[in-house]
Participant: 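Quick one: the structure is below, questions incoming.
Nothing here was measured: the structure is a model prediction, and the numbers come from that model. Sequential numbering from 1 along the given sequence is applied to the chain's residues.
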Amino acid sequence: MTAQEKLPRNLVLQVPKALKICLLGYRSHPYVGGQGVYINYLSKALVDAGHSVDVMSGPPYPELDPRVKLIKIPSLDLFAYEGHHAFALRPKHLTSWADFFEWWAMLTGGFAESYTFGRRVVSHFKRHASEYDIVHDNQSLCYGLLELQQQGIPTIATVHHPITRDLQIALDAAPNWWYRLLTRRWHSFLGMQKKVVKELNHVVTVSEQSRGDIAEAFELDANDISLIYNGIDTETFSPRPDIKRNPMRLMTTASADQPLKGLRYLLDALALLKPQFPELELLIVGKLKAGGQTERRLRRLKLEDSVTFVSGITTEALVDYYAEASVVVSPSLYEGFGLPAGEAMACGCPVISSDGGALPEVVGDAGIVVPAGDHKALADALETLLKNPELRDELSLNGRARILEKFCWKVAAREFTEYYYKAMEQVASEHIDRV
């Protein structure tokens, strides 16, 4: 028997063929973050390219193309538990280390969903590993990935950006030592992520900015991190000429009480502009936390009647909101890619963004870029666009053209296919060397 014949079935080197791909996401609903959007559109693009795709996800579960199979990996889903999570544990959970640890971590201020998701995935793969050619993780970065890699399963991971940035910004925004302690406890999963990223053989990211940041945060050589840009669904996210724009409507997508998203600076800018534009309003795609910092800031700035929050909306509703907005703002202090800015540009919306992270890579010269955390510069840029409809029209056309030219899921699927084959060939060669 030759070395080639001794290869596991999913590692036998063949001419290019349709692949059986497993995408992993520990929580993948599109309305809990960009990771769910990524899972949805990448899986669809890979199916369009001729591959077979299964998505393994913990709750809340993703919205997927009908051709993509969803394999549910249940967790305790403590964020959705009605009542205090301390009372969510049941006797049956005591027989599962993953269930118990997820509950205990939450009880003590930690976040263990990605770790426990990895344990459940490894358990699933004990029965189903031979069904897949490759496993592609979407930033769970769990220890389970290293177990799959050690078993000879071609395993890659997308890292959108290092969560070390989120941690530092949250620490800077913490009002006292107790909040800083809680913040560090919550982010204790970073130790796992750092170890996993350093030991994985195949790591991909979504922007040059993220590549440099990941290399620095996780002590890697940037050349060992591959770059494949996110795509934008330019068919769904497209102009709606039948919908009339509201010239006094601003829009942003932001998790209200995450300092990283920079919403506070947009609210401060709005407060500066209100005397000059009393009818100015802001629509925020996100959920307002009762009693949180954003709610208190709205009261202090007297903006309660000028700001509206919407959440849990459909993609179609989101595109309609983009069509109604005069200007879309991405005020983030840091973005690993900046998907909402790209989607707004694809819809033909004039965009103002901060220079946080990779946003300038996406926006380029087709929008206005201001310094992150500078509410006065943001207010000046907004004033310029609000007074200049011709410039808004120009940015609308330029933004759509830029997305069509540079950011497309079809291109991402083609580049990932090439990357998958290289990863499979490397694993196969290592197996041949061992035998």
Side-chain angles (χ1 to χ4, degrees), residues 30-31 33-45 138-139 158-161 204-211 227-240 250-255 260-262 266 283-286 313 315-323 325-370 372 381 385 392 394-416:
Y31 308 122
Q35 293 180 32
V37 175
Y38 184 83
I39 283 275
N40 180 15
Y41 285 113
L42 178 58
S43 62
K44 179 180 182 297
N138 184 36
Q139 195 147 333
T158 293
V159 185
H160 294 271
H161 73 274
V204 178
T205 193
V206 298
S207 69
E208 288 287 359
Q209 176 71 43
S210 283
R211 174 148 59 181
L227 169 61
I228 299 179
Y229 279 115
N230 285 334
I232 304 293
D233 181 356
T234 54
E235 294 182 6
T236 300
F237 290 93
S238 60
R240 298 280 178 87
L250 309 179
M251 179 177 167
T252 192
T253 300
S255 300
L260 187 73
K261 296 303 180 182
L266 177 54
L283 176 72
I284 300 173
V285 181
I313 60 174
T315 301
E316 286 296 311
L318 177 62
V319 175
D320 286 346
Y321 281 131
Y322 279 135
S326 176
V327 181
V328 173
V329 184
S330 292
S332 293
L333 301 182
Y334 178 89
E335 288 287 349
F337 178 74
L339 196 61
E343 290 175 345
M345 293 166 68
C347 290
C349 298
V351 167
I352 298 174
S353 87
S354 75
D355 60 0
L359 279 167
E361 289 183 59
V362 176
V363 176
D365 59 1
I368 297 178
V369 179
V370 300
L385 286 188
R392 296 201 301 270
E394 179 182 342
L395 294 182
S396 175
L397 294 174
N398 292 348
R400 171 74 177 173
R402 179 175 174 82
I403 297 302
L404 289 172
E405 178 185 355
K406 293 184 176 294
F407 303 98
C408 173
W409 280 115
K410 184 176 181 179
V411 173
R414 184 179 68 243
E415 293 182 356
F416 265 119

Participant: Could you measure the distance from the CD atom of Q139 to the OG1 atom of T205? Nearest 0.5 Å is fine.
Facilitator: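 Interatomic distance, Q139 CD to T205 OG1, rounded to 0.5 Å: 8.0 Å.
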
Participant: One thing to verify: whether R211 and E208 come together as a salt bridge, which I'm taking to mean a side-chain N less than 4.0 angstrom from a carboxylate O.
Facilitator: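 Yes, E208 and R211 are salt-bridged.
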
Participant: May I ask you to decide if G356's main-chain N or O and S354's side chain share a donor-acceptor pair within less than 3.5 Å?
Facilitator: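 Present.
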
Participant: Once you round to the nearest 0.5 Å, how far does CD of E415 lie from CG of L227?
Facilitator: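 With rounding to 0.5 Å, CD (E415) is 8.0 Å from CG (L227).
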
Participant: Roughly how far apart are L339 CG and N230 CG, rounded to 0.5 Å?
Facilitator: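 If we round to the nearest 0.5 Å, L339:CG and N230:CG are 6.0 Å apart.
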
Participant: Test of understanding: with salt bridge (charged side-chain N to carboxylate O under 4.0 Å, His left out), list the residues that count as partners of E394, not counting sequence neighbours.
Facilitator: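 Applying salt bridge (charged side-chain N to carboxylate O under 4.0 Å, His left out) to E394 gives none.
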
Participant: side-chain contact (heavy atoms from CB on, under 4.5 Å) with I352: which of L266, V363, L385?
Facilitator: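 Answer to the side-chain contact (heavy atoms from CB on, under 4.5 Å) test with I352 among L266, V363, L385: L385.
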
Participant: So which heavy atom on W409 is nearest to which on D233, and how close?
Facilitator: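 For W409 versus D233, the nearest heavy atoms are CD1-N, 3.5 Å.
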
Participant: Using the rule given for side chain to side chain contact (heavy atoms under 4.5 Å, CB included), can you reason through Y322 versus T253, listing the C-alpha separation, both sets of side-chain angles and the distance that settles it, and then say yes or no?
Facilitator: CA-CA 11 Å; Y322 279 135; T253 300; 3.9 Å; yes

Participant: Nearest heavy-atom pair of A325 and V328: which atoms, and what distance?
Facilitator: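 Smallest heavy-atom distance, with atoms named: CB-CG2, 4.3 Å.
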
Participant: Closest approach of S353 and L359, non-hydrogen atoms and distance?
Facilitator: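 What the structure gives for the nearest pair is OG-CB, 3.9 Å.
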
Participant: Output the distance between atom CD (E361) and atom OG (S210), rounded to the nearest 0.5 Å.
Facilitator: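 Reported to 0.5 Å precision, the distance equals 8.0 Å.
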
Participant: Test side chain to side chain contact (heavy atoms under 4.5 Å, CB included) on I313 and Y321 and set out the steps.
Facilitator: CA-CA 10 Å; I313 60 174; Y321 281 131; 3.8 Å; yes

Participant: So which atom in S238 and which in V319 form the shortest heavy-atom distance, rounded to 0.1 Å?
Facilitator: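 Looks like O-CG1, 3.8 Å.
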
Participant: Compare every heavy atom of V369 with every heavy atom of G364, then report the nearest pair and how far apart it is.
Facilitator: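 Heavy-atom minimum between the residues: O-CG2, 4.2 Å.
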
Participant: Taking all non-hydrogen atoms of both residues into account, name the closest pair between I232 and E343 and its distance.
Facilitator: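 Here I232 and E343 meet closest at CD1-N, 3.9 Å.
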
Participant: Considering only residues two or more places apart or on different chains, which pairs with a residue in residues 330-365 satisfy ring pair (Phe, Tyr, Trp, His ring centres under 6.0 Å)?
Facilitator: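 Checked against ring pair (Phe, Tyr, Trp, His ring centres under 6.0 Å) - neighbours excluded - the pairs reaching residues 330-365 are H161-Y334, F337-F407.
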
Participant: Let's go through R400 and T234 carefully: what are the C-alpha distance in whole Å and the side-chain angles of both, what is the deciding distance for side chain to side chain contact (heavy atoms under 4.5 Å, CB included) to 0.1 Å, and is it a yes or a no?
Facilitator: CA-CA 9 Å; R400 171 74 177 173; T234 54; 4.0 Å; yes

Participant: Is a side-chain donor or acceptor of S396 paired with a backbone partner of P350 at a separation under 3.5 angstrom?
Facilitator: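 Such a contact is absent between S396 side chain and P350 backbone.
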
Participant: Going by salt bridge (charged side-chain N to carboxylate O under 4.0 Å, His left out), name the residues that satisfy it together with E316, two or more places apart in sequence or in a different chain.
Facilitator: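 Here the qualifying residues are R240.
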
Participant: Using the rule side chain to side chain donor-acceptor pair (under 3.5 Å), only one of K261, Q209, H160 pairs with E335; which is it?
Facilitator: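 So, applying the side chain to side chain donor-acceptor pair (under 3.5 Å) to E335 and each of K261, Q209, H160, only K261 qualifies.
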
Participant: Can you tell me how far CD1 of I403 sits from CZ of F237, rounded to the nearest 0.5 angstrom?
Facilitator: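 Those atoms lie 11.5 Å apart.
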
